[in-house]
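A short write-up of the structure that comes next.
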Amino acid sequence: KAGVTQTPRYLIKTRGQQVTLSCSPISGHRSVSWYQQTPGQGLQFLFEYFSETQRNKGNFPGRFSGRQFSNSRSEMNVSTLELGDSALYLCASSKTGPGVNYGYTFGSGTRLTVV
Amino acid sequence: QQQVKQSPQSLIVQKGGISIINCAYENTAFDYFPWYQQFPGKGPALLIAIRPDVSEKKEGRFTISFNKSAKQFSLHIMDSQPGDSATYFCAASLSQSGGSNYKLTFGKGTLLTVNP
């Protein structure tokens, strides 16, 4: 059974650029969540999508956006990159949503470095 | 506002010892408390989870103890092994659907090192 797949695994971008990260959930999972992980702030919630609808959004600036497609695959976009956006971006999927269902599975993440 | 506080930041134990990691939460509406294990280069993986209607849950060498009145829960790793060396995160969530749910609030993590 395939897990949560995130692409690319590593990314280096320059300040001011934009970036798009991709997440393919486990087959049958309709909820996709995104988290930012940094050494200082730990794991912070970005947003959650279910059936192409954003159900919850964390406290991040509008430069961070996401979407979900009809096949449940999700993308997140960060525009006008800042040095502080350097982090590991994690995607997680579940059948119904985090907390509602125990099956909340993380991908291995995309390591974004902004220079 | 940090709603889940985790301690210690790092922990070193000897092989065969007991590792104990503690978490405290603020939101009394939380009703789902999972623990995640993360190895370098990997995403967090669910280890064990508990709901507040029980005070303890055990799965193999891993036990969660839950104290609802104190708003605290802890992870105990019995007979700790070098392979348990990883970062452990506690988390909390609202399990019911709707509103501002649909997210996990994480503690900041504990780096566990088990010496052989």
Side-chain angles (χ1 to χ4, degrees), chain A residues 3-7 9-10 21 23-26 29-51 53-60 66 68 87-111, chain B residues 1-10 21 23 25 27 29-52 54 57 59 62 64 73 86-111:
Chain A
V4 177
T5 303
Q6 292 189 245
T7 56
R9 286 296 311 274
Y10 302 93
L21 311 181
C23 173
S24 293
I26 291 172
H29 284 192
R30 295 166 65 188
S31 166
V32 174
S33 301
W34 289 89
Y35 289 81
Q36 181 195 66
Q37 185 175 23
T38 58
Q41 298 300 317
L43 284 148
Q44 292 189 289
F45 172 75
L46 280 157
F47 24 67
E48 190 262 359
Y49 289 89
F50 182 83
S51 293
T53 300
Q54 185 182 87
R55 297 194 295 189
N56 197 2
K57 187 178 191 301
N59 296 323
F60 279 82
Q68 186 181 34
L88 179 66
Y89 290 88
L90 291 160
C91 167
S93 76
S94 66
K95 288 185 179 179
T96 53
V100 178
N101 185 300
Y102 286 164
Y104 194 60
T105 305
F106 281 91
S108 293
T110 294
R111 172 73 62 185
Chain B
Q1 180 188 8
Q2 184 185 356
Q3 295 192 47
V4 179
K5 294 183 179 180
Q6 183 172 347
S7 63
Q9 278 189 300
S10 62
I21 304 170
C23 282
Y25 62 97
N27 187 345
F30 285 147
D31 62 356
Y32 172 64
F33 303 90
W35 284 88
Y36 283 81
Q37 179 189 57
Q38 185 177 28
F39 293 105
K42 299 290 186 181
L46 178 64
L47 197 57
I48 186 173
I50 197 168
R51 294 192 185 274
V54 297
K57 182 175 181 179
E59 290 185 2
F62 301 91
I64 298 180
F73 59 109
T87 300
Y88 292 81
F89 294 93
C90 62
S93 176
L94 293 152
S95 64
Q96 64 269 30
S97 59
S100 61
N101 305 339
Y102 307 120
K103 71 174 184 180
L104 286 174
T105 300
F106 285 88
K108 292 209 170 182
T110 296
L111 177 60

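Quantities reported herein were computed from a predicted structural model and do not represent experimental measurements. Lettering of chains follows the sequences in order, A, B, ..., and the numbering in each one begins at 1.
Listed by chain and residue number, A:S74 satisfy the side-chain hydrogen bond (donor to acceptor under 3.5 Å, both in side chains) test with A:W34 (two or more places apart in sequence, or in another chain). Applying the side chain to side chain contact (heavy atoms under 4.5 Å, CB included) test to B:P8 and every residue at least two apart in sequence or in another chain returns B:L11, B:T110.
Only the side chain of A:L90 has a heavy atom closer than 4.5 Å to any heavy atom of chain B. For B:P44, the parts sitting under 4.5 Å from any heavy atom of chain A are the backbone and the side chain alike. For A:R9, the part lying near chain B is the side chain, with the backbone staying farther off; criterion is any non-hydrogen pair under 4.5 Å. When heavy atoms are compared at a cutoff of 4.5 Å, B:F33 does not approach chain A at all. In this structure, the portions of A:Q41 lying under 4.5 Å from any heavy atom of chain B include both its backbone and its side chain.
Under the 4.5 Å side-chain criterion, counting only non-hydrogen atoms from C-beta, A:Y104 is in contact with A:S33.
Only one option out of A:Y35, A:F60, A:Y89 pairs with A:F45 in a ring pair (Phe, Tyr, Trp, His ring centres under 6.0 Å); it is A:Y35.
A donor-acceptor pair shorter than 3.5 Å cannot be found between the side chains of A:S108 and A:Q6.
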